[in-house]
Amino acid sequence: MSRKGHLISWPLIILSMILLAFILTGFFRNTTQANHTTDQASAPAQAIAVQPGEQEASVPAESDAQEASITGASLANSAGWHQLGGNAQRTHYVDATLPTDTSGSQLNTTWRVLWVWNGANGDSGPAAGHLHLPDSAAPILGDGRLYIGHNDGAVRAINTANGSVAWTRNLGGSIFNTGAYDALTGAVFFGSTNGNLYKLRASDGVILGEFNTGAAIEGAVLLVNDSVYVGTMGGNLYRINTTTMQQTWVYNAGAGIAASPAYSANSNGLIIVPAEDQAVHAVRVATGARAWRTPVNAFARPPRNLTSTHPRDTRYFPDTYPVVAEAANVVIIRSYYNWDNTWALSAGAPVNQNETRQYLQNNPSHQSLFVLNLSDGTNRFDLPAPVFGGAIGNGSYYYSSPPQAVVKRLGDGTDVAYLIWRNRSACRVSSCDGREDSTLGEMNLATGAIRFVDDHKNQGTIRMPTDEQGTLSMVGDVLFHSHWMSMGAIRITNRTTGGGSFSDPIPSVEYLSVSNTIGAGQCASRDSARRFCPEGHTPGGGEGYQLDRGFYLYYSSQNVYDQYWTPSARGPAFDNGVLYWKSVDGAIIALAPVGTEPVTPTPTGSPTPTNTSAPPTPTPTPTPTNTTAPPTPTSTNSPTPTTTNTSAPTSTGTVSPTPTASNTSVPPTATNTSVPPTPTATNTSAPTSTGTITPTSTSSPTPTATRTTQPTVTPTPTSQRNIVWIPFAVR
């Protein structure tokens with residue numbers, strides 16, 4: 001009996017020993033990895049060892065394996081629009097179902113305005129203290145607040161319940177781009193041109209930590225799991241721990257980084273970022289070693305001034321970011337190119353996509369969209385995607401970055417990209433040219449072929465001239481278009497049919513619209529309390545377009561988008577059922593379907609008083625923060641405001657705006673019949689400087705961000721910006 005029991009126990013003993021050995025091995029591996037990470041933080045020179053032109057450093061297999069175990073688990077730290085693009089892949093896509101909104105007399109009736117921040121003084125033009133926010137600033141959201149930075153060096157938190165200012169924190173320098181909200185640490189992260197990355201407590205703005213990179217941060221913060229990533233104009237890409245604010249590694253790109261990085265879980269985790277050496281860099285998440293580097297065609301955007309005191313220097317990739325399609329295993333890059341190339345084909349882009357692709361293959365300086373394999377950085381397609389360049393521009397000058405693609409995951413697990421592209425058949429006017437050939441499309445990321453999407457341009461909600469291409473965001477089947485004078489949207493009704501031609505597109509219907517300005521005397525039946533115009537309208541001031549019934553920001557005799565004009569570089573954000581759009585003048589409007597309420601902050605006990613800690617050393621003559629009382633919520637359906645941070649002041653001062661010269665003259669209506677200039681050669685050589693890039697041409701203008709003139713040479717459009725589209729009444 002005892003022998004039988006003894007025989008049975010031996011397998012149990014052996015199994016226990018194997019299990020113990022496995023546990024000890026795992027513990028040792030974790031300890032080794034922790035020590036390896038600590039060594040990297042204390043000796044960053046090891047991570048910088050991979051210099052431009054060198055091969056990727058060897059990486060221990062266990063490092064990549066451990067990193068891969070967490071990268072796939074958290075494509076974003078939690079659901080919500082917590083960073084640029086709504087996620088670490090910068091897809092600008094949210095998988096959500098919006099109410100079906102019918103067109104015609106019912107258009108926009110299932111939505112309502114919750115509030116407008118930094119907007120009108122009642123039913124008029126901009127309120128005193130209006131902030132002229134930078135073009136790359138965009139709202140991020142978390143815990144019942146919206147967070148946005150500004151040129152004045154301040155971060156502002158706005159209560160999503162009612163649009164009131166929850167807190168303001170002065171950081172110094174200028175904040176050109178977008179931050180990130182981390183639900184795990186309850187903090188928001190912002191980078192400044194003073195070189196510091198800041199960690200602020202989301203509930204009250206208290207500075208919890210900072211990391212000095214030693215060079216200006218111009219791109220957006222990237223959040224992945226327990227780390228944030230920022231690039232600097234000193235050429236370094238940093239990985240910083242969100243809890244300790246200590247450096248994990250640093251990668252030296254060999255040139256300044258003005259673009260915003262993106263993340264891919266593929267290939268054991270990659271950080272992808274374009275640099276000012278006119279190349280796209282992919283960096284290993286685990287080690288900071290280079291995975292690959294791919295040069296792309298890029299042209300330097302000339303310098304410009306956001307305001308007289310906040311100049312923007314020449315950059316190859318300002319305001320831009322990669323878009324990652326994980327299922328397709330590609331990254332999509334959009335670059336600036338020589339603006340004069342926009343009009344290289346005076347009759348517009350070819351109708352045949354293969355002809356367009358062959359043209360770009362033979363003229364690589366005209367290519368501005370690149371689809372690269374995540375595994376090695378090579379081109380996905382044998383021929384370039386059939387996408388000619390375009391953006392908001394004037395004469396020979398770029399105002400905005402080219403609109404990035406939106407990546408949507410389909411029900412079958414594949415990815416498609418929605419974008420603005422150019423095809424000669426996309427004209428809705430009698431005389432077609434390169435200015436009227438832009439439309440919406442759905443790209444097959446396996447082949448590069450594009451299907452037409454019914455764009456409804458020039459018909460009520462969307463304008464889309466090639467030199468006025470706006471930015472895109474997508475929620476479910478609704479594609480939002482952010483233009484300099486309005487926000488429009490279309491809802492795709494059935495993507496399984498059509499798309500083979502402009503006359504037989506993927507079907508869609510007009511969905512939602514917001515006008516920046518309704519001209520005084522327009523829309524006599526408007527509802528000022530709801531900021532709603534129930535009839536077709538124009539902005540006045542000589543503008544010749546017409547919009548459908550819809551919402552508006554300003555009712556003014558002066559077009560506010562001219563008074564505080566900043567090019568559109570970011571699409572709308574969508575979080576917890578609410579849509580947030582930052583217009584070109586800096587106002588932020590919150591809209592929601594009827595019955596949807598915004599999120600209120602999580603109670604945190606006794607709130608910490610706002611701005612009680614000493615801010616960093618102030619910059620000379622800092623701009624006062626906007627602490628004027630926010631506008632009264634415009635919707636009668638708005639919820640009762642939830643009290644948050646009651647110690648925060650609501651009216652302690654005012655800001656004198658920094659107005660720029662506005663274009664109050666009526667643009668000419670005469671047709672410009674001049675022939676576009678011969679395209680100039682693009683500078684395809686890599687710059688020798690590793691920091692600020694010297695522009696190729698010394699004759700580039702340095703305009704302020706105001707649309708004071710129309711293009712001096714365009715490809716024979718029927719008129720300039722004031723084209724009179726199909727009247728609302730006869731559509």
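Being a predicted model, the structure only gives us computed values, none of them experimental.
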Considering residues at least two apart in sequence or located in another chain, which fulfil the ring pair (Phe, Tyr, Trp, His ring centres under 6.0 Å) criterion with [X]?
{"X": "Tyr321", "answer": "His92"}
{"X": "Trp581", "answer": "none"}
{"X": "Tyr238", "answer": "Phe211"}

Option from Asn212, Thr232, Val228 for which side chain to side chain contact (heavy atoms under 4.5 Å, CB included) with Leu197 holds:
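Among Asn212, Thr232, Val228, the one meeting side chain to side chain contact (heavy atoms under 4.5 Å, CB included) with Leu197 is Val228.
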In a check of side chain to side chain contact (heavy atoms under 4.5 Å, CB included) between Val283 and each of Tyr229, Trp249, Trp292, which one passes?
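The passing option is Trp249.
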Is the side chain of [X] donor-acceptor paired with the backbone N or O of [Y] at a distance under 3.5 Å, no angle test?
{"X": "Thr471", "Y": "Arg570", "result": "yes"}
{"X": "Asn379", "Y": "Phe381", "result": "no"}
{"X": "His483", "Y": "Gln469", "result": "no"}
{"X": "Thr193", "Y": "Gly173", "result": "no"}
{"X": "Arg201", "Y": "Leu208", "result": "no"}
{"X": "Thr294", "Y": "Gly377", "result": "yes"}

Residues two or more places apart in sequence or in another chain: which of them pass salt bridge (charged side-chain N to carboxylate O under 4.0 Å, His left out) with Asp319?
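Expected list: Arg301, Arg304, Arg312.
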Which residues pass the salt bridge (charged side-chain N to carboxylate O under 4.0 Å, His left out) test with Lys408, sequence neighbours left out?
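Partners of Lys408 under the salt bridge (charged side-chain N to carboxylate O under 4.0 Å, His left out) test: Asp477.
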At what distance, to the nearest 0.5 angstrom, does [atom1] of [X] lie from [atom2] of [Y]?
{"X": "Leu445", "Y": "Asn329", "atom1": "CG", "atom2": "CG", "result": "11.0 Å"}
{"X": "Ser192", "Y": "Phe176", "atom1": "OG", "atom2": "CZ", "result": "9.0 Å"}
{"X": "Met443", "Y": "Trp421", "atom1": "CE", "atom2": "CH2", "result": "9.0 Å"}
{"X": "Leu222", "Y": "Thr178", "atom1": "CG", "atom2": "OG1", "result": "12.0 Å"}

Looking at every heavy atom in both [X] and [Y], which two are closest together, and how far apart are they?
{"X": "Ala161", "Y": "Pro598", "value": "CA-CG, 3.7 Å"}
{"X": "Gly179", "Y": "Phe190", "value": "N-CE2, 3.4 Å"}
{"X": "Arg315", "Y": "Ala258", "value": "CD-CB, 3.7 Å"}
{"X": "Gln83", "Y": "Ala88", "value": "NE2-N, 3.6 Å"}
{"X": "Ala391", "Y": "Ser401", "value": "CB-O, 3.9 Å"}
{"X": "Arg145", "Y": "Pro601", "value": "NH1-CB, 3.2 Å"}

Side-chain heavy atoms of [X] within contact of [Y], under 4.5 Å:
{"X": "Val578", "Y": "Trp81", "answer": "no"}
{"X": "Ile272", "Y": "Leu372", "answer": "no"}
{"X": "Thr242", "Y": "Lys199", "answer": "no"}
{"X": "Ile158", "Y": "Val165", "answer": "yes"}
{"X": "Val407", "Y": "Val324", "answer": "no"}
{"X": "His481", "Y": "Leu472", "answer": "yes"}
{"X": "Trp167", "Y": "Leu200", "answer": "yes"}
{"X": "Tyr147", "Y": "Phe189", "answer": "no"}

Would you check, one step at a time, whether the test side-chain contact (heavy atoms from CB on, under 4.5 Å) holds for Val416 with Arg451?
CA-CA 11 Å; Val416 294; Arg451 299 169 66 199; over 6 Å; no
Donor-acceptor side-chain pairing of [X] and [Y] below 3.5 angstrom:
{"X": "Ser375", "Y": "Asn373", "value": "no"}
{"X": "Ser264", "Y": "Gln89", "value": "no"}
{"X": "Thr566", "Y": "Asp135", "value": "no"}

Does the side-chain contact (heavy atoms from CB on, under 4.5 Å) test come out yes or no for Leu410 and Arg495, once each step is laid out?
CA-CA 11 Å; Leu410 301 177; Arg495 65 164 299 276; 3.7 Å; yes
For Gln367, give me all partners under side-chain hydrogen bond (donor to acceptor under 3.5 Å, both in side chains), at least two apart in sequence or on another chain.
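side-chain hydrogen bond (donor to acceptor under 3.5 Å, both in side chains) list for Gln367, sorted by chain: empty.
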Kindly assign one of parallel, tilted or perpendicular to the pair Tyr511 and Phe480, based on the angle between their ring planes and the thresholds 30° and 60°.
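Ring orientation, 0 to 90° scale: perpendicular.
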Could you walk me through whether Leu98 and Arg491 pass the side-chain contact (heavy atoms from CB on, under 4.5 Å) test, one step at a time?
CA-CA 9 Å; Leu98 296 179; Arg491 180 174 63 85; over 6 Å; no
